[in-house]
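Before any comments, here is the structure.
In the text below, chain A, chain B and the rest are named by the order of the sequence lines, each starting its count at 1. Quick caveat, the model's predicted, so the values are computed rather than measured.
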Amino acid sequence: MTKQKVLLLDGNSLAYRAFFALPLLTNDQGVHTNAVYGFAMMLEKILKEEQPTHMLVAWDAGKTTFRHSTYKEYKGGRQKTPPELSEQFPYLRKMLDAYNIRQYELESFEADDIIGTLSREAAADGVETVVITGDKDLTQLADKAVTVQITRKGMTDIEAYTPEHVMEKYGLTPDQIIDMKGLMGDASDNIPGVPGVGEKTAIKLLKQFGTVEGVYEGIDGVSGKKLKEKLVENEELAKMSKTLATINTESPIEIGLADISYPGPDMEQVIPVFRELNFRTLIEKADGAQPVTETEEAEDIEYKVVEQAPGSLLKSGIAFHVELSDELYHTADILGVSLSDGDETVYIPAAGLEGDKQFADWLADDSMKKLTVDAKASLAALARLGLEADGIVFDLLLAAYIVNPSVSLTDASSAAREFGFSGVSEDQAIYGKGAKRAVPDQETVAEHASRKALAVHRLRETVEGRLKENKQFELYRELEIPLATILGRMEATGVKTERGILEEIGKDLAGKLEAIEEQIYALAGQTFNINSTKQLGVILFEEMELPVIKKTKTGYSTAADVLEKLRGRHEIIDLILEYRQLGKLQSTYIEGLLKEIHEDGKIHTYYQQALTQTGRLSSTSPNLQNIPVRIEEGRKIRKAFVPSEPGWVMFAADYSQIELRVLAHMSGDERLIAAFREGADIHTRTAGDVFHVEAQDVTPDMRRAAKAVNFGIVYGISDYGLSQNLNITRKEAAEFIDRYLASFPGVKQYMEDSVAEAKEKGFVSTLMNRRRYLPDINSRNFNLRSFAERTAMNTPIQGTAADIIKKAMVEMDMRLEQEGLQARMLLQVHDELIFECPEEELGKLSEIVPDVMEAALELDVPLLVESASGPSWYDTK
DNA sequence: CATGTCACG
DNA sequence: ACGTACGTGACATGC
């Protein structure tokens, strides 16, 4: 084993140093880049020189630390961080992520304390440690095993402080640096020290007495009457100053050496970051270097193809993966299963699985903990072989999603790559795509599947460490992991869909469509493809010479909101709108859904659990989260969704105004909270507040406007967006917004805080610590920046609502089991859960479901759930 | 395979 | 001055 070497970097101090050491550079977007550039230069140099096996960049967290409770003036009088530097922090973090360097921060502690604590751990293990900082304070950490390197003038000029060097420079031991600070103070941190005592006097005193305490014990031996007086007068101050200057080497950090191993940079990730920042020289250097990914890809792995699962791998803590011929796992062929304990890896072709009772028992045994990548897919596929799996404790796909939802996670390869492991090929490289898709020879499949299981096993520790650092372990383990099993079961259960009902609606639609089509051709004086926006544009705006209201980048816009404005100018408009509406129903919902009904008479959707940027689910093949409801004609489609057993009924429950309630809670706005506590109609109440009238005087138009404003607030409001929605001028919209924000000052504050937080940290969070990174939040491009700002306002709200219903689903699943009910959860539509159950269970279900949903998360406002039942989904209203 | 449109929360 | 409401998926058209 190679000798370990730990590198600990003080992120904030190095960023400051770099910022002031270099001229203000910018990239082509106008973003300042000098601090990132200096940091990168330093990093390249240090990596080459030190060849570390472990690395960490520590950041300061929060404005106040435990030191402020000792002395509230600590670091007082400091200049605010220049905005030109602030905007660089998200890029720094992104760059470090690309380098695969672990980053850590801890609420109310400073980077110094994190570094101090880790360096003590390393020193105790006798591991060589190098601390890199721009701050001389850290020299107190120097030790036999710990070298402190301080950057000088430039960023790459570094001075190493070993205990010997400290002694040479000050005549003191590293420990005594703290005592020196106690006596002389530190202007940059606003540590007072003893007035009148400077570096010279402090060193002299410490050489004589050793420590601050020693000075006071031997105070009579201090030479000089004035000095003695000053020391006596300021004893408290000296001792407090020493405390302030002391780095906490026992901070409650949640990571250890094991969590900060450094695999080397992922140049495929680093180079795009350099490119974005216009670091040409660094790109050239990096391009020449051998990327680590290639060597890893070339790494041979050991695996065996076996007919049955070996007993040696039917234990707890094993990674398993079900290899499928296709991503549509409800119908795909099961090719085989791979198992790995990190050393031994095997692949079992599907033929061997069916009769393997030991494997089946191991799978179903909850005490046999299992590691996976995409547990939901494996579970749903295994269910088709009659196999049940329990005891899933790790899912690489979900972990990668929680760490960063913006990464496109298409397969095990992309998830593994997120954590620096490139030893898994993409599924597409093995199976091909489109028409060329095919299952290759067994040997190829076996190696591919084996690599996945091995990757899962190898990455577990790293990945869980990262989740813990980000305080996301609970979200991942208690919410997303259990939910995967539940969703898999919902998908496998499916929803019974009456072919006959869809066909009947389809026939009716076909007749209406044909009639409308003829009328449209008659009015146009010619036949054309009504579904072609291009042809329709020519008819409407050239031949009929209707006014052009909006253009798209390819021609005239014929979108519904545009046609809406042309109504009354020509009778063809209404017909086109109706044709579009009915055509949509026919193609997407009648023809589309009919194609999705399986042999069992059910539709089995796929929930994407690792896709949306906000934490919501999405539904595909088919999408059952956008079945029509707003217009009666479309709503009838829901009549086709029925219970799968005779004597059963459909049952649905939905959260009322969940996003506005979440906003009330997160903003703490008193008026909004009061409105929900009183059970007021929220849109009427808003209208009353905004228009300054009593509730009984709110007109329907006022309520409609208020409703639009409420939506706008949740979306991250803009006057333009609201004006479009309400069809009013931008000025009027701006006035509405101003009045709203004046009525709900807490909301205004929340919006500002969300954006500020995003600018500082580079991400926003939900109540359950789901994150979304917003790299464009400091962009010079108005569009990109505005979008990121609205996202910063919307994501915590939409995401927290998603957290809440997910938690309700996990709890609901347990409750159904506990109560011994037959009822089944079938669908989730963002704020709504749909069940089927025996009629006899209705009474119990209509109590339990709202109870569980309302209690899912305790907020400062009540959650309200409404429910209904009936013979089809249509009737649950 | 991109674009426009429209279905949902 | 800039020009968009937040989050999704499916379908038809046309290059």
Side-chain angles (χ1 to χ4, degrees), chain A residues 405 433-434 528-537 550-563 576-577 579-593 595-596 605-608 611-631 633-635 637-638 654-660 663 708-726 730 733 737 754 764 772 779-799 801-802 805 827-833:
Chain A
K433 63 167 180 172
F528 64 101
N529 187 341
I530 307 170
N531 282 321
S532 162
T533 49
K534 205 175 158 198
Q535 293 180 36
L536 181 63
K550 197 164 77 180
K551 291 194 124 192
T552 65
K553 53 183 144 183
T554 53
Y556 310 109
S557 170
T558 65
D561 63 317
V562 172
L563 297 185
I576 290 166
L577 283 167
Y579 182 86
R580 284 247 180 94
Q581 217 172 67
L582 301 183
K584 177 88 179 175
L585 294 180
Q586 185 75 302
S587 66
T588 304
Y589 297 104
I590 302 297
E591 291 163 8
L593 288 178
K595 276 185 249 170
E596 299 283 357
T605 187
Y606 294 82
Y607 286 106
Q608 307 300 321
L611 185 142
T612 72
Q613 304 297 298
T614 56
R616 275 190 176 181
L617 300 175
S618 94
S619 157
T620 59
S621 308
N623 181 354
L624 292 183
Q625 290 182 319
N626 72 345
I627 302 301
V629 67
R630 292 172 191 170
I631 292 162
E633 219 150 3
R635 191 175 202 152
I637 306 273
R638 295 182 174 221
D654 70 295
Y655 283 109
S656 160
Q657 307 290 357
I658 188 167
E659 291 189 343
L660 284 174
L663 172 65
V709 175
N710 277 329
F711 268 98
I713 291 292
V714 170
Y715 291 160
I717 199 143
S718 77
D719 49 12
Y720 185 83
L722 183 65
S723 73
Q724 288 299 297
N725 190 287
L726 280 177
R730 228 179 63 188
I737 294 166
S754 293
V764 288
R772 180 175 186 178
S779 169
R780 285 293 164 277
N781 179 321
F782 175 87
N783 264 338
L784 291 178
R785 188 178 65 249
S786 303
F787 184 53
E789 287 171 357
R790 291 195 298 275
T791 310
M793 300 185 245
N794 169 266
T795 296
I797 300 172
Q798 189 181 123
I805 192 163
L827 298 170
Q828 188 251 44
V829 191
H830 311 308
D831 64 356
E832 179 183 16
L833 294 176

Check every atom of [options] against the side chain of [X] and return the nucleotide holding the closest atom.
| X | options | value |
| --- | --- | --- |
| A:Phe711 | C:dA5, C:dC15, C:dG3 | C:dA5 |
| A:Arg580 | C:dT13, B:dG9, B:dT5 | B:dT5 |
| A:Pro628 | C:dA10, B:dC8, C:dG3 | B:dC8 |
| A:Glu591 | C:dG9, C:dA12, C:dG7 | C:dA12 |

Base, sugar-phosphate, or nothing: which does [X] touch, judged by heavy atoms less than 4.0 Å apart?
| X | value |
| --- | --- |
| A:Gln581 | sugar-phosphate |
| A:Gly712 | base |
| A:Arg730 | base |
| A:Glu659 | nothing |
| A:Ile797 | nothing |

Just checking, is any N or O donor in the side chain of [X] or [Y] under 3.5 Å from an acceptor N or O on the other one?
| X | Y | value |
| --- | --- | --- |
| A:Thr620 | A:Gln608 | yes |
| A:Thr605 | A:Ser619 | yes |
| A:Ser723 | A:Arg730 | no |

Does [N] have OP1 or OP2 under 4.0 Å away from a side-chain N or O of [X]?
| X | N | result |
| --- | --- | --- |
| A:Arg630 | B:dC8 | yes |
| A:Ser557 | B:dT5 | yes |
| A:Gln625 | C:dG7 | no |
| A:Thr558 | B:dG4 | no |
| A:Lys534 | C:dC15 | yes |
| A:Ser618 | C:dG9 | yes |
| A:Arg790 | C:dC6 | yes |
| A:Thr588 | B:dC6 | no |
| A:Thr554 | B:dG4 | yes |
| A:Arg780 | C:dC2 | no |
| A:Thr533 | B:dT5 | no |
| A:Asn531 | C:dC11 | no |

Pick the closest DNA chain C nucleotide for A:Asp719 and for A:Thr795 by heavy atoms, then say which residue is nearer the 5' end.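 The residue closer to the strand's 5' end, by nearest nucleotide, is A:Asp719.
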Residue whose closest nucleotide on DNA chain C lies nearer the 5' end, A:His830 versus A:Ser786: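 Comparing both residues, the 5'-ward one is A:Ser786.
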Is there a side-chain contact between A:Tyr579 and A:Asn531 (heavy atoms, below 4.5 Å)?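 The answer is yes; the side chains approach within 4.5 Å.
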A:Lys584/A:Glu591 salt bridge by N-O under 4.0 Å criterion: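 Between A:Lys584 and A:Glu591 there is no salt bridge, as every charged N stays at least 4.0 Å from the carboxylate O atoms.
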Is C:dG14 paired to anything, Watson-Crick or G-U wobble with both distances less than 3.5 Å, and if yes, which nucleotide?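 B:dC1 is the nucleotide pairing with C:dG14.
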Gap in Å between the two P atoms, one belonging to B:dA7 and one to C:dC2, rounded: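 Pairwise P distance, B:dA7 against C:dC2, rounds to 32 Å.
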Can you check whether A:Phe787 stacks with the C:dT4 base, using ring centres under 5.5 Å and planes within 30°?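 No, A:Phe787 does not stack on the base of C:dT4, since the centre distance and plane angle fail the 5.5 Å and 30° test.
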